[in-house]
Amino acid sequence: GRFERILPPGLVCMCWPCYRVGRLSLRVQQLDMKLESKTKDAVFVTIGLSVQYRVMRSDAFQAYYSFTDPEKQIVALVYDAVRSNSILADAVRAKLDFMRRYGYKIVSTLITSITPVESVRRSMNEINASKRIKDGAPYRAEGKKIARVKAAEAG
């Protein structure tokens, strides 16, 4: 068959044996993904990312006939952008602009979380705890000094 037209939403009467009807949502859709990436300092992090996209009504023909699975294409472009660039959200958005040629508009790219691996998180927590202990040492020493002076004055 060939592409005839885009039908408006609602009740439409047509001779069904003569036409094959394809469906395409024009609503904003969201694709959530988690991927792993290596930072500049060689630490692996898990990145939570959401891509919101929709089909542009004017390019519905292109969107319907270009990809059998546009979500797989979006995921592939996101993985490529994350591997190749450190400024994440802008890199993903720029890479996904490629989908515009095929009738898809990227509405938003949201980085929902960046989580380092457990061993790195533990190390970071230990570094912070050590720093707090070091920063608190003068105050503890001053407290002990005051206690000794008070004890000497009393005795």
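We count residues from 1, following the sequence as given. In what follows, every heavy atom counts, from backbone to side chain, and hydrogens, waters and symmetry copies are set aside.
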Can you tell if the side chain of [X] reaches within under 4.5 Å of the side chain of [Y], non-hydrogen atoms only?
X: L35; Y: T46; value: no
X: R101; Y: Q62; value: no
X: Q30; Y: Y53; value: no
X: L26; Y: R54; value: no
X: K105; Y: V28; value: no
X: D59; Y: M56; value: yes
X: V45; Y: I47; value: yes

inquiry  = For a quick check under 3.5 Å, do Q73 and Y104 share a side-chain donor-acceptor pair by atom type?
reply    = no
task = Start with the C-alpha gap between V51 and V78, add the side-chain angles, then the distance that decides, and say whether side chain to side chain contact (heavy atoms under 4.5 Å, CB included) holds.
result = CA-CA 9 Å; V51 176; V78 167; 4.0 Å; yes
Can you give the donor-acceptor pairs under 3.5 Å from side chains of residues 144-155 to other protein atoms, not counting sequence neighbours?
none

[atom1]/[X] to [atom2]/[Y] distance, rounded to the nearest 0.5 angstrom?
X: Y65; Y: L24; atom1: OH; atom2: CG; value: 10.5 Å
X: K72; Y: L77; atom1: NZ; atom2: CG; value: 14.0 Å
X: E126; Y: I133; atom1: CD; atom2: CD1; value: 10.5 Å

key: Residue list, salt bridge (charged side-chain N to carboxylate O under 4.0 Å, His left out) with D69, at least two apart or on another chain   =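 For D69 there are no salt bridge (charged side-chain N to carboxylate O under 4.0 Å, His left out) partners, ignoring immediate neighbours.
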ask   = What residues form a salt bridge (charged side-chain N to carboxylate O under 4.0 Å, His left out) with R57, not counting sequence neighbours?
value = none
ask   = Nearest heavy-atom pair of S50 and D32: which atoms, and what distance?
value =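 It is OG-OD1, 2.5 Å.
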